[in-house]
**Student:** 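Sharing a structure below in structure tokens format, with a few things to ask.
One-based numbering along the sequence shown. Quick note: numbers below take in every heavy atom, side chains included, and nothing from hydrogens, waters or symmetry partners. Everything quoted here is computed from the prediction, not taken from an experiment.
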Amino acid sequence: PCTFPMKLWLLVNSPCVHSVRWDAHGEGVFIDQGLFEQELLGVGHSAAGDEELFKTKNFGSIVRQLNLYGFHKLTVSPTSSAVGSGPGPAMAEGETSYLDGPLHYFWNPHFRYDHPDLLLKIKRLTKANKEKLDAGLEVTSRLPDDLQH
């Protein structure tokens, strides 16, 4: 099964998805909440026939997933230079407006436009993993439940 960070990677790099975009440096993602809800959560119209990408219609659940995988929400003004089409295909001049808003910006050191290999380093933040990170230790893939203490 596709992990949450991998789904996000596929979305932000898809020319068909307009609600998720790279920042100008390819180091963070902008998510247009209103558009995301319509486009990917099926809010406001029936998503009949579409395979549900996320098993939720609640944007708050998406934010919770981002937090669980170590993404940090940063505050940026929509007029800052960070808003743009990113390093991907160029958008029409001036197409940096997000009509549906609010606009959210998320950053993770291992989520980079030019480094899909880093996705492997994004781990779900379990209690044990959080303790390791707080202690400055490397977090590796999860052990089976019967091996955890």
**Student:** At what distance, to the nearest 0.5 angstrom, does CD of Q38 lie from NE2 of H18?
**Tutor:** 12.0 Å

**Student:** Per the side-chain contact (heavy atoms from CB on, under 4.5 Å) rule, which among F111, W107, Y105 passes with V29?
**Tutor:** F111

**Student:** Looking only at heavy atoms, what is the nearest atom pair of L40 and L53, with distance?
**Tutor:** CD2-CD2, 4.3 Å

**Student:** Could you check if a side-chain atom of F36 sits within less than 4.5 angstrom of a side-chain atom of H104, using non-hydrogen atoms only?
**Tutor:** no

**Student:** Can you sort out the partners of N13 under side chain to side chain contact (heavy atoms under 4.5 Å, CB included), two or more places apart, ordered by chain and number?
**Tutor:** W9, W22, Y113

**Student:** Nearest 0.5 Å, what's the CE-CG distance between M6 and L119?
**Tutor:** 5.0 Å

**Student:** Return yes if some donor-acceptor pair links the side-chain N/O of N108 with the main-chain N/O of I122 below 3.5 Å, else return no.
**Tutor:** no

**Student:** Can you find a pair of side-chain heavy atoms, one from I62 and one from F4, that are under 4.5 Å apart?
**Tutor:** yes

**Student:** Once rounded to the nearest 0.5 Å, what's the spacing between atom NE2 of H115 and atom NZ of K121?
**Tutor:** 11.5 Å

**Student:** Could you give the distance from CG (L8) to OH (Y69), rounded to the nearest 0.5 Å?
**Tutor:** 11.5 Å

**Student:** Rounded to the nearest 0.5 Å, how far does CD of E39 lie from CD1 of I31?
**Tutor:** 11.5 Å

**Student:** Please round to the nearest 0.5 Å and tell me the distance separating atom CG of L35 and atom CZ of R21.
**Tutor:** 8.5 Å

**Student:** Flag the pair E37 / K57 as yes when at least one side-chain heavy-atom distance between them is below 4.5 Å, and no otherwise.
**Tutor:** no

**Student:** Flag yes if L118 and L66 sit in one hydrophobic cluster, no otherwise; membership is Ile, Leu, Val, Met, Phe, Trp, Tyr, and two members link when side-chain heavy atoms are under 4.5 Å apart.
**Tutor:** no

